Amino acid sequence: MALELFDSKTQSVREFVPKAPGKVSMYVCGPTVQSAPHLGHLRSALVYDLLRRWLEANGQRVTLVRNVTDIDDKVLVNAAAANRDWIEFAGEVEKTFDEAYRSLGIAEPTHTPHATQHIADMIALVESLIAKGHAYQAEDGSANVFFDTASWSQYGELTNQKLENMEGELENTFGKRNVHDFALFKAHKEGEPESASWDTPWGKARPGWHIECSAMAKHFLGESFDIHGGGLDLRFPHHENELAQSRANGDAFAKFWIHNALVTIQGQKMSKSLGNGVSVEQLLEVGSWAAIRYWLSSSQYRSNLDYTPTSLSDAQAALDRISGFIKRAKLQTGSTNVPLPDNFVTAMNSDLNVPGAIAVIHETVRAGNTALDANDINTVTTCLSQVVQMVEVLGLMLGVAKEIDPALTQKIEELITLRAEAKANKDFSRADQIRDELTKLGVTLEDLPNQTIWSING
RNA sequence: GGUGGAGUGGCUGAGCGGCCCAAAGCAGCAGCCUGCAAAGCUGUAAAACCACGGGUUCAAAUCCCGUCUCCACCUCCA
């Protein structure tokens, strides 16, 4: 079965066929680096990481572009509030995103363009739009440049809206012809840093938010590409405007629009503006990065994902079940190359049903555990191989190879040996005493029929 | 006012016309294992009348109509 994805422009599930066989081009809206990431940003990045992994697992060569919006009103405002140079500020915030992505096992995109490095591309695109009659310099003579929504009859096609039904800004400001027109370039304002504007044919200005994605997508992927992704909250106006700009310019733009649903907390959207975001620091107090990744994968990407106090501990418990099987099975056998289970493939191909795919992992773990009990090594080998490969595709086992201080390892193993001796001598109070000691070190013991294995920090 | 989406067991969360008297995980319970166990495993066991009311169909959680509730977007947000 082929991969089917929900295209939010046509609002239908369609078979995904890349325009160039074997190659997939994807553009994903990355963060505006105005403040540190919260769960929602991580979910978004993870969704496209999973899509990319699945495409690659199926032999596609994926070119993934994820931009960084490093010039924007909020960046300037937040930098000023922190009394910092905005460029440094944006760079630092970006680092916190990179760090979180890396820790979550999200692979680096093929390209990570920054808005400030593609001003020339944007100017060229805007000049072209003006020449085609779809954009204009502000009526008030400022360096503001707007997209002329009235000139583009298909405006609203992405979100199925009509201009006359839309609420607009109450006041028509900055020299727009129409309240729904949106900025392509914003004129330099008094009090803003000189470094935050560029010389353009219309005067000193900085780019509007939407134009960067159109320009950078075209720069890296061409006029037409396969997939455009981003958070559901970007559908309008951001993606609608991107589409309008690019299409009005004559570019075919994205063939599939993918929108990931949001992370909620108590049923409400987690967002910077609501200030209810759960930060990475807060999460790491209750769970590991692996638990965060597992949890973020545990709902289909088009469903909301509600954060509850037990979310991460539930995820950690489920993950421990999988890693426990892998660890035990590896003591008995190795893994070989086997095909992924059909159910797993079907789930992944069904609009990236990752929770369905995870269910298959658990089913396979159960089968493997049963086989371990029955000493059925052939089945154990098959299950282990399948689990390892599925886990690999989903990138679930973060930090499996985490390093432990060799001296500590030695101490732990000595204690385990002493405990085994005590047990052999039926000195159980001594054995329990040693076990307590290990518990204090954060070590959990697991007594197997013929040996004791251990893990650290739960 | 407009445009989308959602309501499934104690919790999380799949399924979207028959394989569903509803996957999977967590919690719980029972059993196994164990010197014991806070660890591990298993479940032929238990737990959901799939928001509510109508309808279509041989067959509905899944389709249609109505009602209620909730969420998102139309302003910066993944």
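Note that this is a predicted model, so its numbers are computed, not measured. Sequence lines set the chain letters: A, B, ... in the order given, protein chains first and strands last, and positions in each chain run from 1. Just so you know, these numbers use all the heavy atoms, side chains as well, and skip hydrogens, waters and symmetry mates.
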Given that both distances must come in under 3.5 Å, which nucleotide forms a Watson-Crick or G-U wobble pair with [N]?
| N | answer |
| --- | --- |
| rA24(B) | rU12(B) |
| rC70(B) | rG5(B) |
| rU56(B) | none |
| rG43(B) | rC29(B) |
| rC76(B) | none |

Within residues 293-302 of chain A, residues whose heavy atoms come under 4.0 Å of RNA chain B: Ser298(A), Ser299(A), Gln300(A)
Close approaches to RNA chain B from residues 69-78 of chain A, in residue order (heavy atom, under 4.0 Å): Lys74(A)
Using a strict cut-off of less than 4.0 Å between a Lys/Arg side-chain nitrogen and an Asp/Glu carboxylate oxygen, indicate whether Glu92(A) and Lys95(A) qualify as a salt bridge. no
With the threshold set at 4.0 Å, does a side-chain nitrogen-carboxylate oxygen contact exist between Arg435(A) and Asp447(A)? no
Apply salt bridge (Lys or Arg N to Asp or Glu O under 4.0 Å) to Asp306(A) and list each qualifying residue two or more places apart in sequence or on a separate chain. none
For Arg66(A), give me all partners under salt bridge (Lys or Arg N to Asp or Glu O under 4.0 Å), at least two apart in sequence or on another chain. none
Indicate the ring-plane relationship of His210(A) and His238(A), choosing parallel, tilted or perpendicular according to the 30° and 60° boundaries. tilted
Applying a 4.0 Å non-hydrogen cut-off, can you work out what [X] is touching in the nucleic acid: base, sugar-phosphate, or nothing?
| X | value |
| --- | --- |
| Ser303(A) | sugar-phosphate |
| Gly267(A) | sugar-phosphate |
| Glu363(A) | sugar-phosphate |
| Val28(A) | nothing |
| His238(A) | nothing |
| Gly156(A) | nothing |

Can the ring centroids of [X] and [Y] be said to lie less than 6.0 angstrom from one another?
| X | Y | result |
| --- | --- | --- |
| His259(A) | His239(A) | yes |
| His228(A) | Phe256(A) | no |
| Trp295(A) | Tyr307(A) | yes |

Separation of [N] [atom2] from [X] [atom1] (nearest whole Å):
| X | N | atom1 | atom2 | value |
| --- | --- | --- | --- | --- |
| Leu158(A) | rC73(B) | CG | P | 16 Å |
| Glu240(A) | rA72(B) | CD | P | 21 Å |
| Gln11(A) | rC16(B) | CD | P | 19 Å |
| Ile358(A) | rU12(B) | CD1 | P | 17 Å |
| Leu262(A) | rC70(B) | CG | C1' | 14 Å |
| Met390(A) | rA23(B) | CE | P | 19 Å |

Please test Lys189(A) against Glu192(A) for salt bridge (Lys or Arg N to Asp or Glu O under 4.0 Å), starting from the C-alpha separation and ending with a verdict. CA-CA 6 Å; Lys189(A) 292 194 196 89; Glu192(A) 281 182 357; 3.8 Å; yes
Residue pair Thr381(A) / Thr333(A), side-chain donor-acceptor N/O under 3.5 Å: yes
Considering the options Leu42(A), Ile292(A), Leu104(A), which one meets the side chain to side chain contact (heavy atoms under 4.5 Å, CB included) requirement together with Val280(A)? Leu42(A)
Side chain to side chain contact (heavy atoms under 4.5 Å, CB included) with Tyr27(A): of Asn67(A), Thr63(A), Ile227(A), Leu64(A), only one passes, and it is Asn67(A)
Results of side chain to side chain donor-acceptor pair (under 3.5 Å) for His362(A) - residues two or more places apart only: Tyr294(A), Arg321(A)
Take Leu305(A) and Ala367(A), find for each the nucleotide of RNA chain B with the closest heavy atom, and name the residue whose nucleotide sits nearer the 5' end. Leu305(A)
Roughly how far apart, to the nearest Å, are [N] and [M] at atom [atom1]?
| N | M | atom1 | result |
| --- | --- | --- | --- |
| rA48(B) | rA22(B) | C1' | 8 Å |
| rG5(B) | rG17(B) | P | 16 Å |
| rC21(B) | rU12(B) | C1' | 23 Å |
| rC50(B) | rC58(B) | C1' | 22 Å |
| rA59(B) | rC19(B) | P | 14 Å |

For rA78(B), does either OP1 or OP2 sit under 4.0 Å from a side-chain N or O belonging to Lys269(A)? no
Is the shortest side-chain N/O distance from Asn160(A) to OP1 or OP2 of rG4(B) below 4.0 Å? yes
Of all the nucleotides listed (rU3(B), rC74(B), rA72(B)), which has the minimum atom distance to the side chain of Pro237(A)? rC74(B)
Its contact letters, B for base, S for sugar-phosphate only and - for none at protein heavy atoms under 4.0 Å, make nucleotides 26-41 of chain B read S--------BBBBSSS
